[in-house]
Amino acid sequence: MKRIFDSQLIGPFAAMVIVAVVVALTTDRFLNPGNLSNLSLQVSIVALIAIGSTIVIFAAGIDLSSGSMVALLTMILAQMLKFMGIPLAVALPLILVIGALFGLALGMITAYGRIPAFITTLAALIAFRGLALTFNNGSPIFSLDPALEPVFYGKLVGIPMPFFYLVFFYALAAFMMNFTKLGREIYAVGGNPAAAVLTGINVRKVQAMTFVIAGFMTAVGAVLMSARLNSGSPNYGQTLELQAIAAAVVGGASLAGGRGNILATLMGAMTIVIVQNGLNLNAAPSSVQNIVLGVIILLAVGIDMWRTEISAALSRIFGRSKDGAESTAASGESVASKGR
């Protein structure tokens, strides 16, 4: 039990399986092939944005702007395709670059302007949504490009394209965090920034880079959002930032920074989406879904804050059980020897 609790992957995986079993028991429609296919598509956007959110959290930061950035980027993409006549093959890379630049701006303000990430990204959350409303008089833009939908709904060897996006970006992120200098520096900065400075790490540069990555991954999510609905809207992305942060925390990332596993974030995203899917299948209103999401975030953060105490309690409980068993066994051996 203690090993499972301490594991960075088994714990989130167990939580995901338990949630899936509970949902499957509450509605027989959950295991329907059509619903499972829809679930896999739904999780892709949250999971991809959560990569960036998790990396920012690893460096002891927070990004509240991703949902509003998605809305703004979908409107910019819609403007390019619908009104500016920019080809899709050019517009998509441009959106990724713009997303990275937005992230760079937030990172520079946070790292070099020394404004807390919470304040910077909270301001960006409001500003990005406002900027999105300035396009097309605040109205959605539909029917962008027939070639855009296959980006989300297309299949390769019978497998939906979002699956390949998840595999590629999570493999890339896992490799970066575990086998590159930048990944080690991100963990170091999140774990102890003062010690990181003493080892020669440019802490501000690393912090800024995490936001660049987050902005890029948010742009990827925005492209998939536009492709899913073949449109752009200033209303897209609402609560996406909370879902992404919840995915990271449920996956075991510490909000204090310096600890977590990027692959566990994918399991956290699956858990969040399965819960929402179960509530939808049981006809729960959106208000209840928001309440449940808030409770999940609260519990996940609570478990993270109480991790040491819970681990110690499990050690005492199972330690006593082991000691008791050994004591009983020793007593039995003593009685047996006296009998002989």
**OP:** Could you grab the distance from atom OG of Ser68 to atom CG of Leu122, nearest 0.5 Å is fine?
**Re:** 9.5 Å
Original post:
Can you find a side-chain donor-acceptor pair between Asn280 and Gln289 that sits under 3.5 Å?
Top reply: yes
Original post:
What closest approach, in Å, do Phe30 and Asn35 show between heavy atoms, and which atom pair accounts for it?
Top reply: O-ND2, 2.9 Å
Subject >> Residues Ser139 and Asn137: side-chain donor-acceptor under 3.5 angstrom >> reply: no
**OP:** Heavy atoms only: give me the nearest Ala20-Ile274 pair and the separation to one decimal.
**Re:** CA-CG2, 4.0 Å
Original post:
Looking at Leu9 and Pro12, what are the two nearest heavy atoms and their distance?
Top reply: O-CD, 3.4 Å
Original post:
In Å, rounded to the nearest 0.5 Å, how long is the span from CG of Asp63 to CG of Leu106?
Top reply: 6.5 Å
Subject >> Residue pair Gln207 / Val189, side-chain heavy-atom distance below 4.5 Å >> reply: yes
Original post:
Rounded to the nearest 0.5 Å, what separation is found between the CZ atom of Phe216 and the CD1 atom of Ile55?
Top reply: 11.5 Å
**OP:** Begin from the C-alpha positions of Ile57 and Leu255 and carry the test side-chain contact (heavy atoms from CB on, under 4.5 Å) through to its verdict.
**Re:** CA-CA 6 Å; Ile57 289 173; Leu255 289 176; 4.0 Å; yes
Subject >> Side-chain heavy atoms of Val275 within contact of Leu279, under 4.5 Å >> reply: yes
Subject >> Nearest-0.5 Å distance, CG of residue Leu182 to CD1 of residue Ile201 >> reply: 10.0 Å
Original post:
If you take all heavy atoms of Ser66 and Ser53, which pair is closest and at what distance?
Top reply: OG-OG, 4.4 Å
Check: residues 145-158 side-chain donor-acceptor pairs under 3.5 Å, at least two apart:
from	atom 1	to	atom 2	distance (Å)
Asp145	OD1	Ala147	N	2.8
Tyr153	OH	Arg228	O	3.2

Original post:
If you look at every heavy atom in Val250 and Gly268, which pair is closest and at what distance?
Top reply: CG1-CA, 3.9 Å
Subject >> Heavy-atom check, side chain of Gln276 versus side chain of Gln42, under 4.5 Å >> reply: yes
Original post:
Between Phe211 and Phe102, does the ring centre distance come in under 6.0 Å?
Top reply: no
Original post:
Quick one: does Arg184's side chain get under 4.5 Å of Met177's, heavy atoms only?
Top reply: no
**OP:** For residues Ala222 and Leu73, report the shortest heavy-atom separation together with the two atoms involved.
**Re:** CB-CB, 3.7 Å
Original post:
Atom CG in Leu77, atom NZ in Lys82: separation rounded to 0.5 Å?
Top reply: 12.5 Å
Subject >> Phe128 vs Ser65, side-chain contact (heavy atoms from CB on, under 4.5 Å): CA-CA, chis, key distance, verdict >> reply: CA-CA 8 Å; Phe128 286 158; Ser65 68; 4.1 Å; yes
Original post:
Passes side-chain contact (heavy atoms from CB on, under 4.5 Å), Ile213 versus Met176? Steps please.
Top reply: CA-CA 11 Å; Ile213 295 169; Met176 184 193 76; 3.9 Å; yes
**OP:** Following the transitive rule for hydrophobic clusters with a side-chain heavy-atom cut-off under 4.5 Å over Ile, Leu, Val, Met, Phe, Trp and Tyr, establish whether Leu298 and Val295 coincide in one cluster.
**Re:** no
**OP:** Evaluate the side-chain proximity of Asn277 to Arg29: yes if any heavy-atom separation is below 4.5 Å, no if none is.
**Re:** no
**OP:** For Phe83, look at atom CZ and say whether over 12 heavy atoms of other residues, nucleotides or ligands are found less than 6.0 Å away.
**Re:** yes
Original post:
Does some side-chain heavy atom of Met75 sit less than 4.5 Å from a side-chain heavy atom of Pro234?
Top reply: yes
Original post:
Any side-chain donor paired with an acceptor under 3.5 Å for Thr54 and Thr265?
Top reply: yes
**OP:** Any chance you could measure Thr74, atom OG1, to Leu224, atom CG, to the nearest 0.5 Å?
**Re:** 12.0 Å
Original post:
Do the non-hydrogen side-chain atoms of Thr271 and Met16 ever get within less than 4.5 Å of each other?
Top reply: yes
Original post:
Under the side-chain contact (heavy atoms from CB on, under 4.5 Å) criterion, do Thr110 and Ile115 qualify, and how do the steps go?
Top reply: CA-CA 5 Å; Thr110 299; Ile115 297 177; 5.8 Å; no
Subject >> Co-membership, hydrophobic cluster, residues Tyr170 and Ile245, 4.5 Å side-chain >> reply: yes
Original post:
Distance only, no hydrogens: is a donor on one side chain within 3.5 Å (strictly under) of an acceptor on the other, for Tyr236 and Ser231?
Top reply: yes
